[in-house]
Amino acid sequence: MILEQLVNFSNLYGSNEELVLAGGGNTSAKDGDVMYIKGSGTSLSTITAEGFVKMSREKIAEIFTKVYPDNDKEREALCLADVMASRLPGEESKRPSVETTLHSLFPQRFVLHLHPALVNGVTCAKDGQKWAEKLFGSSILWIEPCKPGYTLAKLCYDEMKSYKENNGKDCETLLLANHGIFIADDTVEGLEEKLFSVMAKLRENIVEEPDLSVGEFDGDKAQIIFNEFCDIFGEDSVIAFEPSALSLKYAQSKASFEEIKTPFSPDQVVYCKAYPVYIEEKEDIKVKTEAYKKEYGFLPKIFFVKDCGMLCVDFTEKGSEIGVALFNDAMKISVYSKAFGGARPMNDDLIDFIGSYK
């Protein structure tokens with residue numbers, strides 16, 4: 001019964017593009033000492049019972065009593081090994097979500113973790129914490145930006161422990177700065193009520209809606225630019241052209257591009273590479289692409305072109321579609337954040353860590 005409920009609400013939220021894009025988000029359920037957690041690489045919209053991994057809650061809990069090395073790679077490797085060792089017999093072929101430890105911290109039966117643009121409008125905002133406290137009071141625990149993996153889980157462990165001591169109850173909702181939201185409840189209905197209550201309060205305070213409709217672009221220049229991309233990246237590339245009103249706004253000038261050039265959340269780094277590239281004329285494409293590859297070791301994926309909008313370059317249809325969807329999401333976050341003091345992207349250290357951690 002509990003696994004059926006888990007599958008049903010995972011599919012429900014996973015099918016809503018306002019809540020879930022690409023492989024973002026994860027879900028879990030607890031039944032005694034067993035926790036069912038979404039498997040890594042599975043999609044919430046289509047996940048079945050077999051897509052969840054059965055974990056020992058007792059073994060996961062032991063992770064928080066251990067002392068790990070300070071070195072990032074050593075710490076995360078050892079913690080991951082302990083998470084894998086927490087799988088129950090018969091689950092060895094499955095890989096649990098990277099956020100398994102975070103799910104384990106909630107005593108509630110069900111946990112839902114999402115990255116909606118509307119929510120990240122506040123989690124990625126300069127005054128995000130102030131607004132969260134104003135709108136939600138003590139019903140939500142705010143967590144400042146932190147390296148994912150064990151470091152984030154341990155921070156949440158400590159903060160949730162303090163929350164319970166100060167409020168006399170377990171934390172039910174976490175807002176993770178530059179990341180997303182965790183919601184926990186003993187019923188599926190409770191998850192829904194909490195999620196849409198948060199979304200509704202945020203929506204009431206939005207001052208501008210993102211315009212992703214097709215804008216007025218320079219068609220002749222766009223064709224020249226598109227052909228140049230085809231020549232540079234080759235016939236195997238999949239190039240998506242997105243001349244939305246919003247992308248054209250950010251592509252107007254170097255100054256406007258500054259508002260969107262630094263990632264807001266881990267998903268951007270994972271699916272869109274670390275940084276987009278700004279292009280003014282055709283001649284810039286090859287020069288900036290080569291410079292980007294020399295600096296980062298891989299080709300750029302997202303380009304903003306003056307008078308044309310946004311282009312995404314990948315070598316699969318799926319990769320191109322996901323890149324467009326995730327960067328449209330980033331632009332939406334930028335717009336929504338205006339209601340909460342303006343955008344606050346991730347810092348370079350966190351971006352670099354996620355780039356290597358993923």
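Atom set for the values below is all heavy atoms of this structure, side chains included, hydrogens, waters and symmetry mates excluded.
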Item to check | Non-hydrogen side-chain atoms of E290 and V287 separated by less than 4.5 Å | outcome: no

Checklist entry - Would you call the rings of F233 and F315 parallel, tilted or perpendicular, where under 30° means parallel and over 60° means perpendicular? => result tilted

Item to check | CA sep, side-chain torsions, deciding dist, call: D82, K66, salt bridge (Lys or Arg N to Asp or Glu O under 4.0 Å) | outcome: CA-CA 10 Å; D82 287 336; K66 296 186 68 173; 2.8 Å; yes

Checklist entry - Under 6.0 Å from the CG atom of D70, do we count more than 12 heavy atoms belonging to anything else shown? => result no

Item to check | Joint hydrophobic cluster, Y13 plus I2, side-chain heavy atoms closer than 4.5 Å | outcome: yes

Item to check | Charged N-O contact under 4.0 Å between D185 and R109 | outcome: no

Checklist entry - Is the Y292 ring parallel, tilted or perpendicular to the Y296 ring (thresholds 30°, 60°)? => result tilted

Next on the checklist: With a 4.5 Å cut-off on side-chain heavy atoms, are K59 and V83 touching?
Outcome noted: no

Item to check | Which atom of V335 lies closest to which atom of P210, heavy atoms considered | outcome: CG1-N, 3.8 Å

Item to check | P69 side chain near L78 side chain, heavy-atom distance below 4.5 Å | outcome: yes

Checklist entry - Are side-chain heavy atoms of L326 and L21 found at a separation under 4.5 Å? => result yes

Item to check | Distance (rounded to the nearest 0.5 Å) between I63 CD1 and Y150 OH | outcome: 9.0 Å

Item to check | Side-chain (K38) to main-chain (T100) donor-acceptor, under 3.5 angstrom | outcome: no

Item to check | Smallest separation among heavy atoms of D186 and Q108, with atom names | outcome: OD1-CA, 3.4 Å

Next on the checklist: Run the salt bridge (Lys or Arg N to Asp or Glu O under 4.0 Å) test on K338 and E208 for me, step by step, so that the C-alpha distance in whole Å, both residues' side-chain angles and the decisive distance to 0.1 Å come before the verdict.
Outcome noted: CA-CA 8 Å; K338 293 179 181 180; E208 182 183 337; 3.1 Å; yes

Checklist entry - Hey, is CD on E209 packed in by over 12 heavy atoms from elsewhere, all under 6.0 Å? => result yes

Checklist entry - So how far is it from M331 CE to D211 CG, rounded to the nearest 0.5 Å? => result 10.5 Å

Checklist outcome for this item: Interatomic distance, CG@L152 vs NE2@H179, rounded to 0.5 Å, equals 7.0 Å

Checklist entry - Tell me, do F264 and N120 make a side-chain contact under 4.5 Å, heavy atoms counted? => result no

Item to check | Residue of the set N26, T48, T27 for which side-chain hydrogen bond (donor to acceptor under 3.5 Å, both in side chains) holds with S10 | outcome: T27

Next on the checklist: Nearest 0.5 angstrom please: K306 NZ to D284 CG, how far?
Outcome noted: 12.0 Å

Checklist outcome for this item: Partner of V53 under side chain to side chain contact (heavy atoms under 4.5 Å, CB included), picked from R95, E92, M84, R87, is R87

Next on the checklist: Using ring centroids (six-membered ring only for Trp), state whether F303 and Y278 fall under 6.0 Å.
Outcome noted: no

Item to check | Audit row: K164, D170, salt bridge (Lys or Arg N to Asp or Glu O under 4.0 Å) steps and yes/no | outcome: CA-CA 5 Å; K164 185 172 183 178; D170 289 305; 3.4 Å; yes

Checklist entry - Would E258 and K261 count as a salt bridge (Lys or Arg N to Asp or Glu O under 4.0 Å) if you check the C-alpha gap in whole Å, the side-chain angles of each, and the deciding distance to 0.1 Å? => result CA-CA 5 Å; E258 286 289 322; K261 77 169 189 178; 3.2 Å; yes

Item to check | L299 side chain reached by V313 side chain, heavy atoms, under 4.5 Å | outcome: no

Checklist outcome for this item: One should read off an interatomic distance between Q268 CD and I354 CD1, to the nearest 0.5 angstrom, of 10.0 Å

Checklist entry - Aromatic ring centroids of F217 and F241 under 6.0 Å? => result yes

Checklist entry - Can L175 and I143 be said to form a side chain to side chain contact (heavy atoms under 4.5 Å, CB included), step by step? => result CA-CA 6 Å; L175 279 180; I143 302 294; over 6 Å; no

Item to check | Closest approach of A153 to T101 (non-hydrogen atoms, all atoms of both residues) | outcome: CB-OG1, 3.3 Å

Checklist entry - Between Y336 and V207, is a side chain to side chain contact (heavy atoms under 4.5 Å, CB included) present by the stated rule, with each step listed? => result CA-CA 7 Å; Y336 288 141; V207 297; over 6 Å; no

Next on the checklist: Side-chain heavy atoms nearer than 4.5 Å, only ILVMFWY residues, links allowed to pass through others: does that put L105 and Y163 together?
Outcome noted: yes

Item to check | Side chains of V269 and M346 in contact at under 4.5 Å (non-hydrogen atoms) | outcome: yes

Checklist entry - Is a donor on one side and an acceptor on the other found under 3.5 Å between the side chain of K154 and the backbone of G149? => result no

Checklist entry - Should E193 and E189 be marked as a side chain to side chain contact (heavy atoms under 4.5 Å, CB included) after you check the CA-CA gap, both sets of side-chain angles, and the distance that decides it? => result CA-CA 6 Å; E193 181 181 348; E189 294 76 16; over 6 Å; no

Item to check | Rounded distance (nearest 0.5 Å) linking atom CG of L202 with atom CD1 of I181 | outcome: 8.0 Å

Checklist entry - Are any side-chain N or O atoms of S237 and backbone N or O atoms of I239, one a donor and one an acceptor, separated by less than 3.5 Å? => result no

Checklist entry - Has K30 got its NZ or CZ under 6.0 Å from the middle of the six-membered ring of Y36, at an angle within 45 degrees of the ring axis? => result no

Next on the checklist: Suppose we call two aromatic rings close when their centres sit under 6.0 Å apart. Are Y250 and F257 close by that rule?
Outcome noted: no

Next on the checklist: Please say yes or no: joined through hydrophobic side-chain contacts below 4.5 Å, possibly via intermediate residues, are V270 and L102 part of one cluster?
Outcome noted: no

Item to check | Short N-O contact, K134 and E204, less than 4.0 angstrom | outcome: no

Checklist entry - Less than 4.5 Å apart, any side-chain heavy atom of F353 and any of D72? => result yes

